Amino acid sequence: MVSEYFYDDKIQQWLTADGFRSIFALLGTNQQGIGSSSISVWCKNCDDLEIGEDEKDTLDKFIDQLYDDLERVSDTFLNCEGAGLYKLQSACNHSCSPNAEIEFNKHNHTLSLVALEDIDAEQEICISYLDGCAKERSRHSRQKILRENYLFTCACPKCLSQADDEDVTSEDDDDDDDDEMEND
C-alpha cells in the first residue's frame with residue numbers, strides 16, 4: 001500500500017522490505033516526543049496570580065484535587081502527545097550532563113532548544129535522550145537504557161568520569177536493599 005501511495009522512482013530503495021525497516025528505524029531513533037497539557041498551562045498561569053496566602057492554599061488544594069480527579073478518568077492520557085522530526089534538534093547528540101534541553105514553550109508542536117549553561121561558539125550542543133529520573137540513575141543503568149532504546153554506548157564526560165563505578169543497575173540496588181532488610 002505504501003509503495004502504491006508514495007510511488008516515485010527516487011524513493012524505491014525505501015519501499016523494499018529492508019528499506020521500509022530502515023526508514024522506520026531512522027524515524028524511531030530521530031523522532032522527538034511532543035507533549036503539551038492545557039491543564040498544566042492553566043496551573044502555571046495560576047502560579048503567576050497575585051493572590052493572598054489563604055487564596056493560594058485554597059487554589060493549590062483545588063488543583064491537587066483536579067489532577068486527582070482527572071487522573072482517575074484519563075489515567076496516563078492527560079497530556080496531548082505525539083512525535084515529530086526536527087532537522088536542527090536531530091543534529092544534537094546525547095550527553096548525560098547536557099548543556100541544552102528541549103522545551104515546548106508555546107505549548108504546541110513548536111520546539112525550543114534552551115541552553116542550560118553558557119555555550120561557546122565552537123562547542124557541541126548536547127541534549128539528554130533520558131528523562132529526568134533516568135538521567136540521575138547509575139552509569140550502568142543509563143548505558144543500558146541508551147543501548148536498548150538508541151543503540152549506542154554513551155561516552156559523555158559524566159559516563160567517562162563514572163567508568164570505574166560498579167556496574168549495578170538501579171534494580172540491583174533495590175534488590176540489595178531488600179536483602180539487607182531481610183537480614184536485619
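In what follows, residues are counted from 1 in the order of the sequence shown. Note that the coordinates shown come from a computational prediction; the quantities given were computed from them, not determined experimentally.
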Applying salt bridge (charged side-chain N to carboxylate O under 4.0 Å, His left out) to K44 and not counting sequence neighbours gives none
* Would you say D54 has more than 12 foreign heavy atoms packed within less than 6.0 Å of its CG? -> no
Between the SG atom in C92 and the CD atom in E101, the distance rounded to the nearest 0.5 Å is 12.0 Å
Notebook entry, point to check: Under the 3.5 angstrom rule, does the side chain of S112 hit a backbone N or O of V114 as a donor-acceptor pair?
Noted result: no
Sorted by chain and residue number, the side-chain hydrogen bond (donor to acceptor under 3.5 Å, both in side chains) partners of Q143 (sequence neighbours excluded) come out as none
Hits for side-chain contact (heavy atoms from CB on, under 4.5 Å) against C46, two or more places apart or cross-chain, chain-then-number order -> W42, L49, L59, I63
>> Measuring only between side-chain heavy atoms, which start at C-beta, is L130 closer than 4.5 Å to E136?
In response: no
Worksheet entry | D120 side chain vs Q123 backbone, donor-acceptor pair below 3.5 Å | no
Residue set satisfying side-chain contact (heavy atoms from CB on, under 4.5 Å) with Q65, at least two apart, ordered chain then number -> D68, D69, R72
To the nearest 0.5 Å, atom CG of D48 lies from atom SG of C43 at 11.5 Å
Separation between CG (D165) and NE2 (H140), nearest 0.5 Å, reads 12.0 Å
Review point. Taking it one step at a time, do T110 and N105 satisfy side chain to side chain contact (heavy atoms under 4.5 Å, CB included)?
Key: CA-CA 8 Å; T110 305; N105 296 329; over 6 Å; no
N93 meets the side-chain contact (heavy atoms from CB on, under 4.5 Å) criterion, sequence neighbours left out, with E124, Y129
Subject >> Donor-acceptor under 3.5 Å (N99 side chain, C126 main chain) >> reply: yes
Applying side-chain hydrogen bond (donor to acceptor under 3.5 Å, both in side chains) to S22 and not counting sequence neighbours gives none
For L85, the side-chain contact (heavy atoms from CB on, under 4.5 Å) test, sequence neighbours excluded, returns L27, N30, Q31
Rounded to the nearest 0.5 angstrom, the CG-CD1 distance for L116 and I125 is 11.0 Å
Residues passing the salt bridge (charged side-chain N to carboxylate O under 4.0 Å, His left out) test with D47, sequence neighbours excluded, are K56
*asked:* For residues I119 and I127: do they belong to one hydrophobic cluster (side chain heavy atoms under 4.5 Å, members Ile, Leu, Val, Met, Phe, Trp, Tyr)?
replied: yes
CD of E50 to CD of E55, rounded to nearest 0.5 Å, is 12.0 Å
Sequence neighbours excluded, the answer for side-chain hydrogen bond (donor to acceptor under 3.5 Å, both in side chains) partners of T58 is none
Residue set satisfying salt bridge (charged side-chain N to carboxylate O under 4.0 Å, His left out) with R21, at least two apart, ordered chain then number -> D18
Could you pull out all donor-acceptor pairs under 3.5 Å where a side-chain atom in residues 152-164 meets a protein atom, sequence neighbours excluded?
from	atom 1	to	atom 2	distance (Å)
K158	NZ	K135	O	3.2
S161	OG	P157	O	3.4
S161	OG	K158	O	2.8
Q162	OE1	R142	NH1	3.2
Q162	OE1	R142	NH2	2.7

